[in-house]
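Have a look at the structure below before the remarks.
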Protein chains: 4
Amino acid sequence: MPKAIGRRIWAIAEGYIPPQSTGTTRELISHETICILNAGDKDAHVEVTVYFSDRSPVGPYKFTCGAERTLHVRVNDFKDPEPVPMGTDFSSVIASDVPIVVQHTRIDTRQPALALLGTIAFASD
Amino acid sequence: MPKAIGRRIWAIAEGYIPPQSTGTTRELISHETICILNAGDKDAHVEVTVYFSDRSPVGPYKFTCGAERTLHVRVNDFKDPEPVPMGTDFSSVIASDVPIVVQHTRIDTRQPALALLGTIAFASD
Amino acid sequence: MPKAIGRRIWAIAEGYIPPQSTGTTRELISHETICILNAGDKDAHVEVTVYFSDRSPVGPYKFTCGAERTLHVRVNDFKDPEPVPMGTDFSSVIASDVPIVVQHTRIDTRQPALALLGTIAFASD
Amino acid sequence: MPKAIGRRIWAIAEGYIPPQSTGTTRELISHETICILNAGDKDAHVEVTVYFSDRSPVGPYKFTCGAERTLHVRVNDFKDPEPVPMGTDFSSVIASDVPIVVQHTRIDTRQPALALLGTIAFASD
């Protein structure tokens with residue numbers, strides 16, 4: 001089986017947490033997720049920096065994705081150094097000390113049927 | 001933290017502003033967005049050229065995305081040199097003087113529940 | 001402005017025309033689209049080959065995307081050498097004589113609210 | 001026509017089978033699909049490894065995608081060595097002995113109108 005796969009720096013230009021939800025469970029509340037795969041045999045220490053349109057970037061938000069594990073982090077749950085406001089445009093950069101793979105997903109339940117958006121993030125050279 | 005990330009030339013082959021909306025707020029009117037991340041320490045001067053199926057390209061539409069900022073521009077809001085018509089197939093090329101990351105999103109509320117489409121743009125070599 | 005952008009060979013591993021629609025207009029009938037951007041100054045002669053799970057590939061379907069034009073072709077409209085059946089898994093390879101950019105979109109109106117799927121295609125080396 | 005296209009190692013960081021469905025047909029039950037294109041002239045022997053957040057990876061799940069064929073495999077149907085649980089975050093790595101192209105799709109019918117998510121997978125270097 002392949003071991004470490006991916007890159008150390010990733011970027012997601014799109015970011016927006018819909019400020020309303022018709023869903024009531026945690027799964028069906030509108031949210032934005034950063035999905036990380038660490039297929040290698042060393043833990044990944046991951047730092048996320050969030051960029052805004054009208055103020056300085058905030059972060060790093062720190063996470064550990066274990067060796068041979070996946071970690072799907074919800075931006076809605078970011079707390080330290082500060083929460084990411086809903087209804088606000090943002091972007092994010094994801095930096096890791098070992099190669100990882102990053103994908104971006106949004107679930108939007110503002111109207112009474114959910115919508116999904118997902119894409120591979122940009123892998124920096 | 002990483003500094004300038006991305007490329008200077010990007011392309012989005014898909015483009016279409018749905019001509020109807022069931023949403024009534026600005027957020028829920030059908031729209032097409034170009035999301036730009038400038039993680040570097042110099043302002044990005046961005047020029048968007050829009051390509052059509054049956055006439056010459058239009059542009060450049062000019063934007064500035066500040067250093068360490070994100071800019072989500074709605075194609076619906078393009079005005080100068082001319083608006084982009086709704087219900088029309090188009091593509092776009094995004095050129096910047098510094099590296100940026102570009103993602104494409106559409107929100108479509110033609111039917112009574114929104115749909116989302118999103119993808120990373122093509123990063124030119 | 002940038003001229004020719006992209007690659008000559010692209011692949012879309014996903015393909016499926018939903019066999020039902022709640023929409024009744026051409027725009028809201030479930031369909032699959034291959035979006036092509038030719039930003040260069042020479043016409044692109046494009047050949048699409050369609051791959052199936054249980055029989056030999058079909059094609060080429062031939063299209064011309066003019067210089068500095070976009071072409072959004074609906075797989076539903078493919079006729080020569082034969083139509084692509086609905087409700088069937090397929091993949092496609094897009095070959096051009098000049099560099100182009102290719103994106104894949106599906107609109108699915110099987111249930112009474114449309115869904116969208118879109119992604120950049122794979123740019124071959 | 002082009003022959004073998006793609007890469008031998010692919011990764012999909014996102015994975016989640018929605019645990020409910022409003023659809024009742026096989027097509028409209030919430031599911032996650034890995035779409036494979038083998039445009040080359042040799043059969044592709046494909047092994048999928050599934051990564052979780054809290055336990056060791058499971059696999060390989062083995063598939064053959066014939067020469068010049070496509071194979072769309074539903075993660076819901078994975079059985080050997082064990083099923084992939086619904087409502088659980090996962091990631092996957094797809095390894096092939098010949099070049100292939102991989103795309104990821106989810107159809108989510110938890111609410112009474114389907115949603116789609118799709119993206120090209122990450123092609124490892």
Side-chain angles (χ1 to χ4, degrees), chain A residues 7-20 22-23 30 32 47-62 84 86-96 102-125, chain B residues 1-7 10 12 21-28 30-31 33-41 44 46 63-74 94 96 99-123 125:
Chain A
R7 307 281 180 88
R8 287 181 175 78
I9 306 287
W10 292 80
I12 301 170
E14 239 273 61
Y16 182 83
I17 304 173
Q20 294 94 26
T22 57
S30 296
E32 184 108 358
E47 296 193 352
V48 178
T49 304
V50 179
Y51 293 80
F52 297 97
S53 61
D54 55 0
R55 59 181 174 117
S56 293
V58 173
Y61 298 88
K62 299 187 180 184
V84 174
M86 293 195 295
T88 299
D89 293 338
F90 64 89
S91 294
S92 45
V93 170
I94 301 95
S96 169
V102 176
Q103 208 163 324
H104 164 232
T105 308
R106 178 183 307 151
I107 176 166
D108 185 332
T109 67
R110 282 178 289 183
Q111 291 188 341
L114 64 86
L116 290 174
L117 173 156
T119 186
I120 186 79
F122 176 75
S124 185
D125 294 327
Chain B
M1 276 297 95
K3 287 298 178 183
I5 296 177
R7 307 279 179 89
W10 292 80
I12 301 171
S21 300
T22 57
T24 53
T25 60
R26 176 173 162 82
E27 288 75 19
L28 291 179
S30 296
H31 63 272
T33 304
I34 300 174
C35 300
I36 300 169
L37 166 63
N38 176 12
D41 53 13
V46 179
F63 304 95
T64 299
C65 180
E68 302 193 315
R69 294 291 185 276
T70 184
L71 182 69
H72 296 208
V73 293
R74 285 167 76 122
I94 301 95
S96 169
I100 58 175
V101 180
V102 176
Q103 208 164 325
H104 164 231
T105 308
R106 178 183 307 150
I107 176 165
D108 185 332
T109 66
R110 283 178 289 182
Q111 291 189 341
L114 64 87
L116 291 174
L117 172 156
T119 186
I120 187 78
F122 176 75
D125 296 327

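Just the heavy atoms: all of them, side chains too, but no hydrogens, waters or symmetry mates, feed the values below. Chain naming here is simple, since letters A, B, ... match the order of the sequence lines and numbering starts at 1 in each.
Put simply, of A:A11, A:S92, A:G59, the one with the most heavy-atom pairs under 4.5 Å next to chain B is A:A11.
Only the backbone of B:I36 has a heavy atom closer than 4.5 Å to any heavy atom of chain A. Using a 4.5 Å cut-off between heavy atoms, A:R8 does not touch chain B at all. Residue A:S56 touches chain B through both its backbone and its side chain, counting heavy-atom pairs closer than 4.5 Å. Interface remark: B:V101 contributes backbone and side-chain atoms alike to the contact with chain A (heavy atom separation under 4.5 Å).
Using a distance-only test at 3.5 Å, with no hydrogens or angles considered, a donor-acceptor pair links the side chain of B:Q103 to the main chain of A:A13.
The CG atom of A:D54 sits 10.5 Å away from the OG1 atom of B:T70 when rounded to the nearest 0.5 Å. Considering CZ of B:R69 and CG of A:D89, their distance stands at 13.5 Å, rounded to 0.5 Å. If you take CD1 on B:I5 and OH on A:Y51, they are separated by 6.0 Å, rounding to the nearest 0.5 Å.
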